[in-house]
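No experiment lies behind these values; they were computed from the predicted model shown.
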Amino acid sequence: MKDQPTLIRCDWANRSALETSYHDRVWGVPLHDDLELFKMLMLESQQAGLSWSTILAKMDTLCEAYDNFDPHVLIKYGEDKVEELLHHDGVIKNKLKIKAVIHNAHQYFKIVEQYGSLNEFFWSYVNHQPIINQWKSIAEVPGTTTLSDQISKDLKKLGFKFVGSTTVYAFMQSVGMVNDHLVSCAFYKGPCTD
């Protein structure tokens, strides 16, 4: 019996089973659900200063601790909940980041009121179509772009915190606003089916 050929993936996706799964199932797949978009933005904001593998390892406990990052629930969090989260082993124990999640939940509703949806706000920057890049090596993939700079600036004007350009670009990659799979990657043209 012949072995199945190994899928070629973006280099970073081969470091751990968690990263492989995230690469294959989530990263670069266009996402349009408002609550999921907010959750991904908050997860990316938790990464600031850390590795994405740290966030992936804590993703389940982060989502559980923060009520799946549902802004309808987050806006009801008070100081007691902040203290509880500071002592929760499954979260990033950074008071500024914890408070930023709660603060950003309030800003979520302002965006929805002003733009109709978070989906409309983000996807209008790319004319509702993913930007398809053609990187041949991981060294070519940028950490920020002029577009992520602009979105970051606009989010900050709207009151969001922990949304620097690097965070925003990582978010754009994760929700499929940009396709940064390498051209050699089996997932470059979309998800693979087993």
Side-chain angles (χ1 to χ4, degrees), residues 2-63 68-69 92 104 111 117-155 160 162-194:
K2 287 186 177 179
D3 288 337
Q4 288 287 343
T6 303
L7 284 179
I8 295 172
R9 294 179 172 86
C10 298
D11 301 345
W12 63 265
N14 298 313
R15 294 185 297 222
S16 73
L18 273 176
E19 285 167 302
T20 300
S21 177
Y22 175 71
H23 170 274
D24 293 1
R25 296 188 170 124
V26 178
W27 198 71
V29 177
L31 181 62
H32 295 283
D33 179 272
D34 271 23
L35 297 181
E36 291 297 313
L37 286 166
F38 182 76
K39 177 169 80 174
M40 286 309 298
L41 184 62
M42 292 306 94
L43 286 166
E44 292 291 354
S45 74
Q46 293 295 296
Q47 182 192 351
L50 303 169
S51 70
W52 183 244
S53 59
T54 299
I55 302 304
L56 281 179
K58 289 181 175 279
M59 192 169 299
D60 289 343
T61 55
L62 280 164
C63 290
N68 208 34
F69 293 95
I92 307 303
N104 290 343
I111 280 191
S117 68
L118 196 60
N119 179 63
E120 177 61 29
F121 172 79
F122 282 119
W123 282 89
S124 65
Y125 284 98
V126 294
N127 296 317
H128 304 280
Q129 292 293 323
I131 295 168
I132 311 294
N133 289 313
Q134 297 181 350
W135 312 122
K136 290 183 174 65
S137 86
I138 203 79
E140 294 177 278
V141 181
T144 63
T145 62
T146 54
L147 183 55
S148 67
D149 292 346
Q150 185 60 55
I151 296 172
S152 170
K153 188 175 164 188
D154 292 348
L155 282 168
F160 277 75
F162 282 94
V163 288
S165 189
T166 303
T167 295
V168 169
Y169 194 70
F171 166 79
M172 292 169 67
Q173 292 172 312
S174 69
V175 302
M177 288 172 66
V178 292
N179 177 353
D180 275 350
H181 286 286
L182 302 181
V183 292
S184 59
C185 177
F187 293 80
Y188 178 69
K189 292 187 177 173
C192 292
T193 53
D194 293 324

Mind checking ring pair (Phe, Tyr, Trp, His ring centres under 6.0 Å) for Phe162 and listing every partner two or more places apart, or none if nothing turns up? none
Heavy atoms, side chains only, cut-off 4.5 Å: are Met59 and Leu18 in contact? no
When every non-hydrogen atom of Pro130 is compared with those of Pro30, the smallest separation belongs to CG-CG, 4.0 Å
Check the angle between the aromatic planes of His181 and His23 and answer parallel, tilted or perpendicular using the 30° and 60° thresholds. perpendicular
Residues which pass salt bridge (charged side-chain N to carboxylate O under 4.0 Å, His left out) with Asp24, listed by chain and number, not counting sequence neighbours: Arg9
Apply salt bridge (charged side-chain N to carboxylate O under 4.0 Å, His left out) to Glu140 and list each qualifying residue two or more places apart in sequence or on a separate chain. none
Calculate, to the nearest 0.5 Å, the distance between atoms OH and OG1 belonging to Tyr169 and Thr145 respectively. 5.5 Å
Test side chain to side chain contact (heavy atoms under 4.5 Å, CB included) on Val26 and Leu31 and set out the steps. CA-CA 9 Å; Val26 178; Leu31 181 62; over 6 Å; no
Please step through side chain to side chain contact (heavy atoms under 4.5 Å, CB included) for the pair Val168 and Thr144, ending with a clear verdict. CA-CA 8 Å; Val168 169; Thr144 63; over 6 Å; no
OG-CD distance between Ser165 and Gln150, expressed to the nearest 0.5 angstrom: 10.0 Å
Hey, are the side chains of Trp52 and Leu43 touching, using non-hydrogen atoms and a 4.5 Å cut-off? yes
Side-chain donor-acceptor pair present, Ser16, Glu19, cut-off under 3.5 Å: yes
Run Phe171 and Val163 through side chain to side chain contact (heavy atoms under 4.5 Å, CB included) and show every step you take. CA-CA 10 Å; Phe171 166 79; Val163 288; over 6 Å; no
Kindly state whether the ring of Phe187 and the ring of Trp27 have centres lying under 6.0 angstrom apart. no
Spacing of NE2 belonging to His128 relative to CZ belonging to Phe122, to within rounding of 0.5 Å: 13.0 Å
Lys39: salt bridge (charged side-chain N to carboxylate O under 4.0 Å, His left out) partners, not counting sequence neighbours: Glu36
Can you see whether Ser45 engages Thr167 through a side-chain donor-acceptor pair at a distance of less than 3.5 angstrom? no
Calculate, to the nearest 0.5 Å, the distance between atoms CD1 and CG belonging to Ile132 and Asn179 respectively. 4.5 Å
I'd like to know if the side chain of Ser21 reaches the main chain of Ala17, judged simply by a donor and an acceptor atom lying under 3.5 Å from each other, with no hydrogens or angles considered. no
If you round to the nearest 0.5 Å, how far is CG of Asp34 from CD of Glu120? 10.0 Å
Check whether any side-chain heavy atom of Tyr22 lies under 4.5 Å from a side-chain heavy atom of Ser174, and answer yes or no. yes
Can you list every pair that meets side chain to side chain donor-acceptor pair (under 3.5 Å) and has a residue in residues 182-191, with sequence neighbours left out? none
Should Asp154 and Phe160 count as side-chain neighbours, where that means a heavy-atom distance under 4.5 Å? no
Taking all heavy atoms of Asp180 and all of Asn133, pick out the closest pair and write down the distance. OD1-ND2, 2.6 Å
Residue list, ring pair (Phe, Tyr, Trp, His ring centres under 6.0 Å) with Phe121, at least two apart or on another chain: Tyr115, Tyr125
CD1 of Ile8: more than 12 outside heavy atoms within 6.0 angstrom? no
Interatomic distance, CD@Glu44 vs CD1@Ile55, rounded to 0.5 Å, equals 8.5 Å
Using side-chain heavy atoms (C-beta onward) and a distance below 4.5 Å, is Met177 in contact with Leu147? no
